[in-house]
Every structure is written in C-alpha cells, then in structure tokens.
Number of protein chains: 2
Amino acid sequence: MKHLSKELVGASSIPIILSILSQKESYGYEIIQKVKEISDNELVWVEGSLYPVLHKLEKRGYIVSDWKVSESGRKRKYYSLKDAGKEVLDQEKINWNFINQIMTKLWNTEPNLI
Amino acid sequence: MKHLSKELVGASSIPIILSILSQKESYGYEIIQKVKEISDNELVWVEGSLYPVLHKLEKRGYIVSDWKVSESGRKRKYYSLKDAGKEVLDQEKINWNFINQIMTKLWNTEPNLI
DNA sequence: TTGACATACTTAGAAGTTCTATGTATATTG
DNA sequence: CAATATACATAGAACTTCTAAGTATGTCAA
C-alpha cells in the first residue's frame, strides 16, 4: 500500500474526486472504493481524510450533495459535480499537465536515458 | 504567467528543487531562474516561497549549503544534494509517476513520460 | 556621484491544510 | 448476537504556504 507525502495527497485529491464525480455522481464510501480500484489497491483513502475535502468542495460550490436511500435501506449522501466544479477540474488538469511537463523535462534530461 | 494552486505548488516544489540540485549545485536566485527557464517563463517563484523550502530541506538533511563568493564579489549560498536527498527524490519520482498514472486513467490522456 | 534596478537572502505571521483519532449509526454475516 | 462492513462526521494537533516586508550589495545609466 502506497505511502504518499501529504503534499502529493493534497495536490491530487481534489482533481481525483472531481474527475470521479465528472463520470457520475457518487457517495463517499464508493469514492474510496473507486480510488482503491483505480490504483490497483495501492491507494487507500480513509474517511477522515475524504469527508473534509468533500465538505470543502461543497462549501466552495464545486459539488452539491443530496441524501438518498439505497436498495438495502442505507442512507447515502450522493455528491455531484456543478458547473463550477467542472471548470475547476479543467483548470486542475491543465495545471497538473503543465507541472508534469516540467517534471518530464527535469527527469528525462538525465544522461544515458535515451 | 501560470497561477497554480498552493497544493500543486506544495507537491511539486520539493521534487523540482531536488531535481535541479541533482544536476549540479545551485543557489536560490539561480534556482528561481532555472524554474522560470524550464517552464518557458510560465512559472515564477518568489524568494519568499523558495527559501523557506530550501531551509526545510536542509533541516531535514536532504541538502547542504555553503557560502561562496562569485566572481563579482557577491556572496551566494550554494546548495547541494546529499544522499538522503537523492533517495527522497527517487521516491518523489515514483510517487509522482504513480499519481500521474491515476490521473491518466481518469483523464485518458497519454502519459507524458519517457 | 547617485538613484534605480538587479541580484541575493531572510523571516514573521495570517490563513489554511492534513491526518489522526474518535465518534455515531446501521445493515450484513457467520 | 457479536463482529464486520458500510456510511458519515468532526475536533484539534501539527504543519504548510504565501504575503509582505526586510537587509545587503553589485551594476548601470544619467
């Protein structure tokens, strides 16, 4: 199981969450499962880290939530992306790719790589 | 000029600095110039953000500094990478690439690596 | 000679973030 | 019926980033 710096967690959690919600609405526990699945069980978020971020995104107006009841009777808080959130996601993508290009320049210029 | 979230700045500044120092020792002002150059003038760090990170890296034992005098007489604090810093850089690369793969899966973009 | 500018480094504190730990609630399973 | 999984919540300790302001000094044009 991967241990990431909290800086990298901080930089990636919002784009990851917004990306997952851009595909379809989801609830907290399912988002954690999705992240685990996407990362081949390497990345395991805990609720105590996820929910404050969801709350923050909702407070900023990027996502919105509503309670639903599942087939089994469980209450679930579903989150969905708002237009503002899509715009933020687009910007996060641009910025992430921009930094990634810088990393590529730095890391692929080492001698004897090509 | 690019405006990045402070989370992304936080996640990228250490690997960028350590990468620059893995090529050759450098001093603060030059690192800022190097970052500007690598990013095609899109990323402009300010000293007030850079030096606290340099101090932190030194305190953690990843880099070491020593004062030198340039040809023009200016005092410069040169930083160089220690073995511990190289190890951290290697781990940062792995982690960054790991998260980048996740972003790629989510965004379906071609990874810009190697 | 002088002032503006570039070079070079420093740091305090406001504002914000992450993680841990702990909590409540309830359906499922053995 | 107890353990586990599912589902959401939050306080506070520890930490981070940025802004702003600072000191210092070499260069350059007027």
Side-chain angles (χ1 to χ4, degrees), chain A residues 1-17 20 25-37 43-60 62-79 92 95 99, chain B residues 1-17 20 25-37 43-60 62-79 92 95 99:
Chain A
M1 195 172 74
K2 188 73 71 177
H3 176 69
L4 304 177
S5 70
K6 66 179 191 172
E7 289 85 4
L8 195 47
V9 170
S12 61
S13 58
I14 292 182
I16 288 174
I17 293 169
I20 290 173
E25 69 176 1
S26 187
Y27 56 99
Y29 195 82
E30 189 180 57
I31 290 173
I32 288 177
Q33 300 296 359
K34 180 74 171 180
V35 166
K36 198 173 174 186
E37 170 198 321
L43 197 53
V44 180
W45 283 356
V46 295
E47 286 110 325
S49 299
L50 173 66
Y51 286 101
V53 180
L54 286 174
H55 298 163
K56 181 175 73 178
L57 292 175
E58 184 169 23
K59 188 172 181 180
R60 289 180 178 173
Y62 301 157
I63 63 179
V64 67
S65 67
D66 67 300
W67 287 95
K68 294 182 181 178
V69 177
S70 75
E71 290 172 357
S72 60
R74 281 193 187 285
K75 296 196 216 92
R76 289 171 176 161
K77 204 176 193 183
Y78 276 88
Y79 293 89
E92 291 280 344
N95 289 345
I99 292 293
Chain B
M1 195 174 70
K2 189 73 70 176
H3 176 70
L4 305 177
S5 71
K6 64 178 191 171
E7 289 86 4
L8 194 48
V9 170
S12 60
S13 58
I14 292 182
I16 288 175
I17 292 169
I20 289 172
E25 69 176 1
S26 187
Y27 55 99
Y29 194 81
E30 189 181 56
I31 290 172
I32 288 177
Q33 300 296 358
K34 180 73 170 178
V35 167
K36 197 175 174 186
E37 171 198 319
L43 197 54
V44 180
W45 285 355
V46 295
E47 286 109 327
S49 299
L50 172 65
Y51 286 101
V53 180
L54 286 174
H55 298 160
K56 182 175 74 178
L57 293 175
E58 184 170 24
K59 188 172 182 180
R60 287 181 182 172
Y62 302 157
I63 63 179
V64 66
S65 67
D66 66 299
W67 285 96
K68 294 181 181 178
V69 178
S70 75
E71 290 173 357
S72 61
R74 282 196 186 285
K75 296 196 217 97
R76 289 171 177 162
K77 205 176 193 184
Y78 276 89
Y79 294 91
E92 292 279 344
N95 290 345
I99 292 293

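Chain identifiers are assigned alphabetically (A, B, ...) following the order of the sequence lines, protein sequences preceding nucleic acid strands; residue numbering begins at 1 within each chain. Since this is a predicted model, take the numbers as computed values, not measurements.
For dA7(D), the OP1/OP2 oxygens have a side-chain nitrogen or oxygen of Y27(A) closer than 4.0 Å.
The CD1 atom of I31(A) sits 12 Å away from the C1' atom of dA7(D) (whole-angstrom rounding). Atom P of nucleotide dA6(C) and atom CZ of R76(B) are separated by 17 Å, given to the nearest angstrom.
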(message) At under 4.0 Å between heavy atoms, how does the protein contact nucleotides 24-30 of chain C? Give one character per nucleotide, 5' to 3', with B, S or -.
(response) --BBS--
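At a threshold of 4.0 angstrom between heavy atoms, the contacts of Y79(A) are confined to the sugar-phosphate backbone, with no base atom among them. Among the protein residues, W45(B) comes within range of no part of the nucleic acid, since none of its heavy atoms lies under 4.0 Å from any strand.
Proximity of residues 46-55 of chain A to DNA chain C (heavy atom under 4.0 angstrom from any strand atom) is restricted to G48(A), S49(A).
Atom-to-atom distance recorded for S49(B):OG and K6(B):NZ is 11.0 Å, nearest 0.5 angstrom.
Nearest heavy-atom pair, I20(A) versus V35(A), reported as atom, atom and distance to 0.1 Å: CD1-CG2, 3.8 Å. Counting all heavy atoms, side chain and backbone alike, Y51(A) lies closest to Y29(A) at OH-N, 3.5 Å. The shortest heavy-atom contact between K77(A) and Y27(A) is O-CB, 3.2 Å.
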Please tabulate, one pair per line, each protein N/O and nucleotide N/O from nucleotides 1-3 of chain C that are separated by under 3.5 Å, including the distance.
none

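Under a cut-off of 6.0 angstrom, the local environment of NZ in K34(A) is sparse, with at most 12 non-hydrogen atoms contributed by other residues, nucleotides or ligands.
In this structure, E58(A) contributes its side chain and S65(A) its backbone to a donor-acceptor pair below 3.5 Å.
Toward the 5′ end of DNA chain D lies the nearest nucleotide of K77(A), the other residue of the pair K77(A) and K6(A) mapping further downstream.
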